[in-house]
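Accompanying notes for the structure given below.
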Amino acid sequence: MDGGAAAKFEKTYNPGSVEGKWYEFWIEKGYFTAPSDPKSSTFSIVIPPPNITGSLHIGHALNNTLQDTLVRYRRMKGMSALWVPGTDHAGIATQMVVERDLEASSLTRHDLGREAFVNRVWQWKRDSGGKILTQLHRLGASADWEKERFTMDEGLSFAVKTVFVELYKQGLIYKDKRLVNWDPKLHTAISDLEVEQRKVKGRLWYFRYPIEDGGGRYITVATTRPETMLGDVAVAVHPEDERYSRLVGKSVVLPLVGRRIPIIADEYSDPEKGTGAVKITPAHDFNDFEVGRRHKLDEINIFDRDASLNENAPEKYRGLDRHEAREAVVMDMEKLGLVDKVTEHVHVVPYGDRSGVVIEPWLTDQWYVDAKALAAPAIEAVEQGRIKFIPERWKSTYFEWMRNIQPWCVSRQIWWGHRIPAWYGPDGKVFVELSEVDAGAAAKEHYGVDIELSRDEDVLDTWFSSALWPFSALGWPEKTSELRNYYPTSVLVTGFDIIFFWVARMIMMGLKFMGEVPFREVYIHGLIRDEKGEKMSKTKGNVIDPLDIMGTYGADSLRFALTALATQGRDIKLSIAVIEGYRNFMNKIWNASRFLFLNLGGYTPGKGCASEPSIVDRWILTRLNYTVREVESSLGSYEFDKVARTIYQFIWGEFCDWYIELVKPVLTGEDTPARYRTQSVLIKVLLNSLQLLHPVSPFITEEIYQRLRSIGVNLKSPEGGLADSIMVSSFPVFDESECDEEAYALVEFIKEIIAAIRNLRAVVGLHPTTTVNVTLFSTDEKMRGKAESGRDLIANLGRVAELNITRGGKPANAIAQVVGGLEVFIPVEGLIDVSKEIERINRELEKLIKSLEQSGKKLSNRSFIDRAPEEVVEKERERFKELSIKKAKLQEILEALSNIG
RNA sequence: GAGCGCGUAGCUCAGGGGGAGAGCGCUUGCUUGACGCGCAAGAGGUCGCAGGUUCAAAUCCUGCCGCGCUCACCA
């Protein structure tokens with residue numbers, strides 16, 4: 001071919017001009033579509049559905065890059081691969097977004113009414129929801145967009161209803177009146193997991209409660225929440241606390257309220273804490289609630305849904321919010337002289353993770369899932385290894401939570417979400433059915449007549465629908481082919497922050513409704529931080545926006561950087577500098593390809609090769625195969641950082657730095673068959689390198705592959721046909737027959753000789769282009785033979801004019817280096833700083849002597865010889881010998897140097 | 001309070017019973033016919049501290065110090 005195709009090769013890779021084009025190409029070709037009737041083995045992933053209100057942040061970029069890498073790899077291995085994309089309806093978050101929009105027109109959702117509001121949310125979703133999925137296109141995500149799902153779409157809503165009704169009928173969902181974490185700002189219950197415990201500086205008030213008929217004596221209780229005293233129903237002391245034993249059974253008169261409340265004995269009371277006597281407010285404290293139930297105490301709820309005081313509080317406090325009430329209560333207590341003291345107190349206060357306000361334990365009717373019952377098989381599945389966590393240590397996090405799991409409050413008092421399929425009769429009898437019609441029928445059966453029912457107002461926790469995602473997204477409860485072919489999914493890729501929220505719940509629901517785990521493996525990746533290890537946030541201004549990054553550096557660079565950083569640790573510190581480094585890598589690949597195109601003169605793809613591969617060819621092919629093996633094994637074990645490192649090292653450190661350089665003379669030389677052979681090896685190695693890289697960096701690899709195709713170079717698909725795209729080409733396979741250990745070792749040795757020459761040249765301060773005469777000295781014939789076989793290579797990369805390989809005399813006036821059993825000399829012409837060189841060699845010698853001593857010590861140790869494995873001892877002997885030889889040679893060199901001086 | 005993790009080159013991090021590694025940064029030299037987003041050469045580390053196991057410990061165990069995360073906890 002001629003230079004036509006090469007002419008279009010710009011000097012610098014420009015990702016912006018190619019990425020969009022190839023994404024469209026893949027879509028048009030339908031390459032992302034998983035076969036509904038797979039003929040090969042399958043691989044499937046469901047995306048952790050991003051929140052519809054979200055836009056792509058760097059965490060999504062990481063999460064989806066890793067998924068895409070896995071999917072692309074398996075696809076190239078010939079598997080039928082399905083990656084289901086979709087979004088999550090994010091109940092509270094989405095409702096808040098739309099309410100904020102309404103605020104602009106001074107409206108609340110209550111002004112609109114439920115139906116209109118929900119319509120408004122749908123409208124919002126159509127306009128701006130799911131933006132994040134199109135942003136994933138930029139990243140190159142090869143998800144099957146035809147199968148995109150939304151947790152509120154019709155099918156998933158049906159799945160949610162089905163699950164709810166089924167669990168209810170099995171007694172695993174029930175309604176209960178207990179304390180919940182109430183968010184007084186959002187007016188909804190939230191689950192334990194949505195509560196953030198924050199350490200705050202508060203105060204501890206010590207209140208005196210007058211003892212009834214106690215002759216003016218008091219019992220003093222301490223509290224951080226004075227306002228709750230208005231709901232107190234008892235004072236508890238420890239049964240064995242002698243300070244108070246006389247008082248048990250007596251009563252106190254609750255100040256400000258006037259209620260007579262008992263002093264009770266309960267082990268909950270801790271003599272060490274506070275005064276040892278604790279006020280009991282069952283309606284507003286989880287622990288007190290338990291105490292109350294034990295002693296059959298009243299539950300006096302003094303708050304309304306805003307956490308303002310209601311009619312159960314004394315009149316003067318009614319309508320105050322909890323903060324005002326606190327001040328008022330304290331002031332009034334002070335007036336009565338009933339405040340013993342006030343101390344500074346650091347304690348933990350629950351905050352709503354969405355609203356940021358203090359959560360109030362509040363007594364309400366809510367729906368609960370009996371998580372304990374569902375957890376048992378889910379724990380077992382992980383114990384038995386039917387689900388594997390990677391890294392494995394996350395297993396213990398999972399177990400810890402699952403073994404102490406609490407009932408899961410799934411009802412939310414908001415409007416956006418799956419409305420609970422429960423209907424009530426006039427007497428409050430509940431009918432849980434799939435539809436209003438079914439509920440009506442059930443009611444008729446119960447009451448004997450048609451009767452008007454009212455539907456439960458609440459919606460379900462968003463995570464309830466997310467928990468069904470691995471099977472609902474595949475079409476359950478319909479018996480779809482996707483479900484048949486792709487469930488259980490192969491792996492779930494996610495961050496450790498949602499192991500409880502999501503992973504655990506998916507496992508419970510998957511086992512319950514599919515009778516099978518939802519995924520066989522869970523790969524947990526780290527969370528991305530900024531370069532200082534801090535969480536990225538808009539307020540801190542340290543956000544790295546993946547869209548910006550892709551604009552500047554290209555999606556491939558970002559993806560490669562994220563992959564390289566995806567170690568099995570917790571935090572991933574990302575900086576622009578790292579991304580820039582991998583952008584440079586992309587450019588390196590680009591230029592290696594460019595070089596190839598500029599040197600394809602006379603090459604015809606597909607034409608047989610007349611010439612036997614050279615040692616250098618065999619070396620790079622061996623190295624390539626080792627790389628393939630390493631990459632495949634790392635992908636299999638989710639060691640993404642190793643995947644990236646291995647590819648990087650091979651392409652840059654071996655292919656570009658050595659193979660291309662070693663082979664340049666052949667490409668410009670007269671030996672046509674050799675040139676032809678080299679061209680074909682270059683192409684093979686480049687192609688395979690691109691394939692190895694493709695799952696991580698899909699765009700540049702496709703761009704270069706398509707350029708190769710344009711000159712008639714093609715890859716094969718797993719089925720054996722020509723691959724129209726690198727993404728449907730067959731991933732390279734480790735091929736033992738292409739490995740040549742001897743050639744490999746030989747070229748490694750030659751590389752060392754070249755490095756030694758380069759080092760000496762630098763010492764002498766030779767200009768890179770001036771040539772030099774080099775003597776390679778060895779008394780070992782084999783060694784000289786090896787050097788001889790690399791003569792041209794050494795001469796070329798060492799810029800050697802005359803290469804003398806000899807066992808004869810060593811040159812005088814020369815400086816030297818030792819490589820294995822070989823001495824490398826270059827003459828010293830003119831002035832060099834001999835003393836500096838002596839110093840340098842002395843330093844090397846020092847290190848050498850130290851290792852030699854260590855090695856000698858080992859070998860003279862009887863127990864080492866006796867107990868260490870034979871091959872270790874042998875290796876040590878070998879090493880000792882080599883070190884000794886090297887030491888002797890260095891000493892000779894030193895001597896020779898001092899003669900020059 | 002319980003659990004988990006991490007302390008390795010100036011920075012970010014791999015590695016993991018038997019010769020200290022990478023990228024970035026740094027120093028020196030270079031219009032080397034692919035690439036200065038580059039090439040070549042180099043400097044730089046008692047692998048947190050103290051014990052123990054072992055023929056052998058950066059690597060395994062114990063303790064300590066420092067840092068981080070998760071869970072629990074409103075007297």
Side-chain angles (χ1 to χ4, degrees), chain A residues 6 9 11-13 192 197 199-200 202 204-206 221-225 228 236 269-270 272-279 284-288 345 347-350 358-359 361 391 393-394 396-397 400-401 404 496-497 499-500 527 531 533 553 557 564-565 567-575 577-578 580-599 639 641-642 645 648-649 653 656-657 660-661 664 668 755 758-763 765-769 799 840 851 854-855 858 861-869 872-873 875-876 879 882-883:
Chain A
F9 245 100
K11 249 183 147 175
T12 306
Y13 175 58
D192 302 350
Q197 305 289 346
K199 227 178 201 168
V200 298
L204 199 52
W205 284 268
Y206 289 76
V221 295
T223 180
T224 55
R225 290 190 300 162
T228 62
S269 176
D270 181 350
E272 306 288 311
K273 273 182 172 173
T275 61
V278 59
K279 62 194 263 320
H284 298 290
D285 182 284
F286 288 98
N287 290 309
D288 293 5
H345 184 63
H347 62 134
V348 174
V349 177
V358 175
I359 292 304
R393 66 186 135 86
W394 292 113
S396 49
T397 307
E400 198 190 311
W401 188 69
N404 300 304
F496 58 78
D497 52 332
I499 291 178
F500 306 145
L527 261 32
E531 64 250 85
Y553 299 101
S557 312
L565 293 171
T567 61
Q568 312 237 328
R570 280 183 191 234
D571 289 348
I572 297 173
K573 286 179 203 163
L574 184 68
S575 65
V578 171
E580 204 171 281
Y582 293 118
R583 185 271 318 265
N584 296 351
F585 177 52
M586 295 303 142
N587 193 50
K588 187 72 182 175
I589 296 163
W590 180 255
N591 271 286
S593 310
R594 180 168 186 264
F595 170 82
L596 221 128
F597 272 80
L598 293 169
N599 286 280
E639 293 169 282
D641 58 320
K642 213 184 260 180
R645 257 205 322 275
Y648 184 98
Q649 169 59 27
C656 293
D657 286 352
I660 287 180
E661 294 304 327
K664 273 179 180 172
T668 51
R758 284 170 168 174
N759 174 258
L760 290 171
R761 293 177 57 107
V763 168
L766 274 183
H767 189 275
T769 48
R799 300 239 162 209
R840 193 183 66 81
S851 330
Q854 270 173 7
S855 180
K858 261 188 189 176
N861 182 349
R862 248 297 35 105
S863 342
F864 174 69
I865 308 288
D866 292 346
R867 302 210 192 183
V872 172
V873 177
K875 208 178 150 197
E876 198 58 43
R879 185 173 165 237
E882 276 170 25
L883 289 172

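When the P atom is used for both B:U70 and B:G51, the distance is 36 Å, rounded to whole Å. Remark: the separation of the C1' atoms in B:A72 and B:U46 is 42 Å, to the nearest Å. For the C1' atoms, the distance linking B:U53 with B:G17 amounts to 12 Å, nearest Å. Comparing the C1' positions of B:C49 and B:U8 gives an interatomic distance of 15 Å, to the nearest angstrom. Nucleotides B:A34 and B:C39 have their P atoms positioned 13 Å apart, rounded to a whole Å. B:U31 and B:G68 have their C1' atoms separated by 50 Å, with the value rounded to a whole Å. B:A9 and B:C24: their C1' atoms are spaced 12 Å apart (whole Å). The gap from the P atom of B:C73 to that of B:C65 amounts to 27 Å, rounded to the nearest Å.
For A:R879 and A:E876, the salt-bridge test passes: some basic side-chain N is under 4.0 Å from an acidic carboxylate O.
Residue A:S557 comes nearest to A:M586 through the heavy atom pair OG-CG, 3.6 Å, listed as atom of the first residue, atom of the second, then distance. Across all their heavy atoms, A:K11 and A:N587 have their closest contact at O-OD1, 4.1 Å.
Residue A:K11 contributes atom NZ, which lies 15 Å from atom P of B:U31 at whole-angstrom precision. We find that NZ of A:K664 is positioned 6 Å from C1' of B:A34, with the value rounded to whole Å. Straight-line distance from the CD atom of A:E580 to the C1' atom of B:C11: 15 Å, rounded to whole Å. For the pair A:Y648 OH and B:C35 P, the interatomic distance rounds to 18 Å; values are reported in whole Å. A:L766 places its CG atom 14 Å from the C1' atom of B:U32, with the value rounded to the nearest Å. Atom P of nucleotide B:G38 and atom CE of A:M586 are separated by 13 Å, given to the nearest angstrom. In this structure, A:H767 atom NE2 and B:U28 atom C1' are separated by 13 Å, rounded to whole Å. Rounded to a whole Å, the CZ atom of A:F585 is 17 Å from the P atom of B:A22.
Put simply, A:T567 has a side-chain N or O that comes within less than 4.0 Å of OP1 or OP2 on B:A14. Here A:N759 reaches the OP1 or OP2 of B:G42: one of its side-chain N or O atoms lies under 4.0 Å away. A close approach under 4.0 Å does occur between a side-chain nitrogen or oxygen of A:K573 and OP1 or OP2 of B:C13. Phosphate contact (OP1/OP2 of B:C39, side-chain N/O of A:K588, threshold under 4.0 Å): present.
Counting any heavy atom pair closer than 4.0 Å across all strands shown, A:R879 reaches a base atom. In this structure, A:S851 reaches neither bases nor backbone, as no heavy-atom distance under 4.0 Å exists between it and the strands shown. Within the 4.0 angstrom heavy-atom criterion, only backbone atoms of the sugar-phosphate kind lie near A:R393; the bases stay farther away. Counting non-hydrogen atoms under 4.0 angstrom, A:R799 reaches a base of the nucleic acid. Counting any heavy atom pair closer than 4.0 Å across all strands shown, A:Q649 reaches no nucleic acid atom.
Listed nucleotides: B:A34, B:G18, B:U32. Nearest to the side chain of A:A868: B:G18. Picking from B:A40, B:C30, B:A14 the nucleotide with the shortest atom distance to the side chain of A:D641 gives B:A14. With distances taken from any side-chain atom of A:N584 to the nucleotides B:A41, B:C37, B:C35, the minimum falls on B:C37. The side chain of A:K858 lies closest to B:G19 when the candidates are B:G19, B:A14, B:C35. Distances were taken from every side-chain heavy atom of A:R758 (C-beta onward) to each of B:C37, B:A41, B:U12; the shortest belongs to B:A41.
With hydrogens and angles ignored, no donor-acceptor pair closer than 3.5 Å exists between the side chain of A:E639 and the base of B:A14. Residue A:R583 places a side-chain atom within donor-acceptor reach of the base of B:C37, judged by atom type and a 3.5 Å distance cut-off alone.
Using cut-offs of 30° and 60° for the angle between ring planes, the A:W394 and A:F496 rings count as parallel. Note: A:W401 and A:F500 have parallel aromatic rings, judged against thresholds of 30 and 60 degrees for the angle between ring planes.
With A:R594 contributing its side chain and A:F9 its backbone, the two residues share a donor-acceptor pair below 3.5 Å. Between the side chain of A:R225 and the backbone N or O of A:H284 there is at least one donor-acceptor pair closer than 3.5 Å.
Aromatic pair A:Y582/A:Y648: centroids less than 6.0 angstrom apart.
A:W590 pairs with exactly one of A:F597, A:F595, A:Y13 by the ring pair (Phe, Tyr, Trp, His ring centres under 6.0 Å) rule, that one being A:Y13.
Partners of A:R840 under the side chain to side chain donor-acceptor pair (under 3.5 Å) rule, at least two apart in sequence or in another chain, are A:E837.
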For this session: Decide side chain to side chain contact (heavy atoms under 4.5 Å, CB included) for A:V200 and A:H347; before the verdict, give the C-alpha distance in whole Å, the side-chain angles of both, and the deciding distance to 0.1 Å.
Result: CA-CA 6 Å; A:V200 298; A:H347 62 134; 3.9 Å; yes
For this session: Given side chain to side chain contact (heavy atoms under 4.5 Å, CB included), test A:D285 with A:T228 step by step and report yes or no.
Result: CA-CA 9 Å; A:D285 182 284; A:T228 62; over 6 Å; no
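Judged by closest nucleotide on RNA chain B, A:R645 is the one of A:V872 and A:R645 placed further toward the 5' end.
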For this session: List the protein contact pattern of nucleotides 68-75 of chain B with one symbol per nucleotide (5' to 3'): B for base contact, S for sugar-phosphate-only contact, - for none; contact means a heavy-atom distance under 4.0 Å.
Result: BBSS-BBB
Seminar exercise, completed: Each base of RNA chain B marked ( ) or [ ] if paired in-strand (Watson-Crick or G-U under 3.5 Å), | if paired to another strand and . if unpaired gives ((((((((.[[[[.)..(..]]]].(((((.......))))).....[[[[[..)....]]]]])))))))....
